[in-house]
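Residue numbers begin at 1 in each chain, while the letters A, B, ... track the order of the sequences.
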2 protein chains.
Amino acid sequence: MVAMPHPTPHARPAVTRDDVARRAGVSPAVVSYVVNGGPRPVSAATEAKVRQAVKALGYRPNSAARALALGSSEMLAMIVPDAINPFYASLARAVENAAAERGFTLLLADSQDSLRTERRLIKNFAARRVDGLFLSSVLFEPDLMDLEQADIPVVLLNHPADVVLKGGVGGRGANAVGVDFQEGGRLAVEHLIGHGHERIGLVMGGNADSELDAREVGWQQGIRDAGLTPGPIIRVPFTRQGGYRAGQELLARTERPTAVFVCSDQQSAGLLCALHEGGLRLPEDMAVFSFDGAPESEYTWPRLSTVAQPLKDLAQGALDALLNPKPGPENNTKIFPAELILRASCGCH
Amino acid sequence: MVAMPHPTPHARPAVTRDDVARRAGVSPAVVSYVVNGGPRPVSAATEAKVRQAVKALGYRPNSAARALALGSSEMLAMIVPDAINPFYASLARAVENAAAERGFTLLLADSQDSLRTERRLIKNFAARRVDGLFLSSVLFEPDLMDLEQADIPVVLLNHPADVVLKGGVGGRGANAVGVDFQEGGRLAVEHLIGHGHERIGLVMGGNADSELDAREVGWQQGIRDAGLTPGPIIRVPFTRQGGYRAGQELLARTERPTAVFVCSDQQSAGLLCALHEGGLRLPEDMAVFSFDGAPESEYTWPRLSTVAQPLKDLAQGALDALLNPKPGPENNTKIFPAELILRASCGCH
DNA sequence: ATGAAAGCGCTAACAC
DNA sequence: GTGTTAGCGCTTTCAT
């Protein structure tokens with residue numbers, strides 16, 4: 001059981017709208033009109049008086065009261081599976097900026113790759129009546145019940161499953177915004193093949209029984225298209241730690257691939273470390289193509305070539321999907337193209 | 001000017017406490033008593049009826065209403081200067097977990113190293129009547145006016161200036177929690193000296209006119225204590241990019257130090273990249289001691305030796321300082337010791 | 001153009 | 001043990 005917070009009633013009582021009204025010699029309603037710029041017009045003289053009283057008293061509207069009256073908290077929420085991952089942190093920043101432009105405060109939360117935490121956060125946000133939620137879920141089929149009950153719109157952000165992006169999730173089908181993982185994977189592999197590689201491995205997250213990640217499909221497709229046979233697949237968690245283990249496994253193999261496509265920049269960081277420790281020269285002994293385009297990919301050694309996700313587009317698209325949902329049931333998915341960033345780890349430069 | 005959000009009144013009206021009361025055949029107050037576990041006792045039979053109604057209707061209390069009645073939002077806020085920096089992301093996670101244990105929701109915001117954004121966020125949080133704020137400010141003297149006016153307690157988290165930590169900020173002196181930057185710097189330098197280095201440079205953030213960072217003081221102290229003369233000081237932003245530039249500067253020098261103390265892991269990442277590109281062998285040609293203990297420091301090449309900040313202690317200490325402030329004016333600062341993590345970049349292993 | 005007043009959903013003091 | 005009710009501070013309709 002969780003201890004309840006100890007509400008500290010504020011000693012110095014806050015300045016309320018009525019105080020302002022009194023001081024300005026007008027009615028409380030007028031103060032609202034001035035502060036909100038509507039819905040009724042106010043004479044210039046009155047407005048000036050009010051503004052002055054506001055400033056003199058240091059009045060700031062109580063947003064709990066506003067939320068209660070309005071039925072809207074003017075807050076959007078976002079849940080990411082790992083806020084320490086610079087990619088998600090960057091994505092969150094992009095979304096926050098987009099939201100701020102529209103006057104919304106973004107509540108950022110970190111499910112820490114835990115289903116239980118994700119559930120707790122969703123319940124919490126539902127209770128707080130956020131106006132919408134961006135969800136990068138841990139799960140292929142996240143539990144959206146609480147949100148549906150509270151009638152809170154959701155946008156699935158960057159969901160790895162192609163299935164979901166194409167179908168929709170939950171009863172009424174959530175909106176989804178993502179990037180074309182499959183094409184991104186394909187392009188990366190195609191590029192590696194262009195460097196002359198014929199045996200290309202894959203470092204992937206999750207484990208075999210979960211649904212197919214589109215990046216894996218793209219990897220396979222790129223290889224098949226070139227008439228080659230797929231290299232080894234190594235499944236490790238989407239962490240630096242996981243990537244490190246993948247690197248060790250790669251080193252231990254007898255028939256080592258000459259290149260790998262790694263499905264996240266974090267894994268790549270760990271992988272590079274392991275490969276260096278194994279004495280490999282990079283990219284000569286092993287070329288690496290990464291995925292995400294997180295800021296950390298720019299200053300690794302060697303610098304990572306990576307499939308960059310267009311964060312701004314993603315953020316704008318997600319906000320748009322949340323605020324102006326398309327009526328049709330099928331139109332609710334947006335997929336943006338990924339873009340290759342060519343640096344040293346693949347053999348360029 | 002910022003566009004106002006378009007409040008979307010929810011089509012499906014939410015289930016309220018009165019609905020539950022009606023359904024359970026009790027009074028609204030009793031529903032509160034059950035849901036909140038008080039303040040008045042309720043018979044077991046009634047409680048069962050209420051719980052059932054709650055479940056049947058899918059009732060969740062409206063926290064805006066609760067906040068209004070209570071005068072407390074049960075939210076704490078935290079502002080970090082750069083949420084993409086894994087160190088701050090880790091710190092935020094530690095704080096979030098500590099807050100969740102006590103029943104608070106943490107609102108995490110990212111000032112993106114911008115004074116204007118920091119101000120906007122503070123105003124926003126003040127308006128939302130958060131119950132407290134953790135602030136890792138961009139500034140040496142952050143503007144706490146709005147918070148004082150709203151009577152919201154603040155804890156300065158990890159403020160770089162020793163001055164502030166010792167003195168207190170703002171009118172009534174904010175609480176501050178941090179780690180002993182000076183001693184951390186001294187220990188790092190001492191360790192490098194133990195490896196035989198006699199010419200040790202410093203990569204520091206900010207520029208000369210800002211107040212002295214305690215890490216710099218510690219670096220100097222360590223060098224002086226050993227009877228050596230300080231190596232070059234390079235001032236670049238606290239970013240990977242900045243570290244990269246520092247590395248380039250180091251490469252360009254004629255009398256290059258044999259070791260550097262770098263004041264953040266992010267800078268170290270960039271620095272390593274530049275040094276590799278310059279053809280240096282690490283740590284043989286240049287030893288590096290870093291600062292922060294962020295997760296990224298573990299998988300760089302070579303792995304970074306670093307001064308780790310005790311995140312859990314910091315988080316617990318900050319929460320404690322916020323929730324149970326000490327009465328005295330001088331007791332409001334807590335400083336935790338830093339700890340060395342020895343890996344390869346300093347010459348160990 | 002301005003004022004009065006009815007909620008928004010909840011908490012908790014007060015009555016029974 | 002349970003019901004009644006007066007706010008919490010704001011938005012907005014309706015009257016003036």
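Checked against dC10(C), dG3(C), dC10(D), the side chain of A29(A) finds its nearest nucleotide in dG3(C). For A65(A), the listed nucleotide lying nearest its side chain is dC10(D); candidates were dT2(C), dC10(D), dG1(D). For T16(A), whose side chain is taken as the heavy atoms from C-beta onward, the closest listed nucleotide among dC10(D), dA1(C), dT12(D) is dC10(D). Among dC10(C), dC10(D), dG1(D), the nucleotide with an atom closest to any side-chain atom of Y59(B) is dC10(C).
A donor-acceptor distance shorter than 3.5 angstrom exists from the side chain of S136(A) to the backbone of L157(A), with no hydrogens or angles considered. Side-chain atoms of D19(B) come within 3.5 Å of backbone atoms of T16(B) as a donor-acceptor pair (strictly under, hydrogens ignored). Between the side chain of D131(B) and the backbone N or O of E74(B), at least one donor-acceptor pair lies under 3.5 Å.
At least one side-chain heavy atom of S137(A) sits less than 4.5 Å from a side-chain heavy atom of E118(A).
Between the CG atom of N36(B) and the P atom of dC10(C) there is a distance of 10 Å, rounded to whole Å. The CD-C1' distance, from E47(A) to dT2(C), rounds to 14 Å in whole Å. Distance R66(B) CZ to dC8(C) C1': 17 Å, rounded to the nearest Å. A straight line from CG of D18(B) to P of dT4(D) spans 11 Å, rounded to a whole angstrom. Note: CG (L68(A)) to P (dG7(D)) measures 17 Å, nearest angstrom. Between L70(A) atom CG and dT13(D) atom P the separation is 11 Å, expressed in whole Å. N62(B) has its CG atom 18 Å from the P atom of dC8(D), to the nearest Å. Rounding to whole angstrom units, CZ of residue R40(A) and P of dT16(D) are separated by 15 Å.
Considering L156(A), I79(A), L319(A) as possible partners of F134(A), the one that fulfils the side-chain contact (heavy atoms from CB on, under 4.5 Å) test is L319(A).
One finds a side-chain N or O of T46(B) lying less than 4.0 angstrom from the OP1 or OP2 phosphate oxygen of dT2(D). OP1 or OP2 of dG3(D) lies within a sub-4.0 Å distance of a side-chain N or O belonging to S27(B). Remark: Y33(A) is not in phosphate contact with dC10(D), judged by side-chain N or O atoms under 4.0 Å from OP1 or OP2.
Ranked by how close their nearest DNA chain C nucleotide is to the 5' end, P61(B) and V42(A) are led by V42(A).
Using a 4.0 Å heavy-atom cutoff across all strands shown, S32(A) reaches at least one base atom of the nucleic acid.
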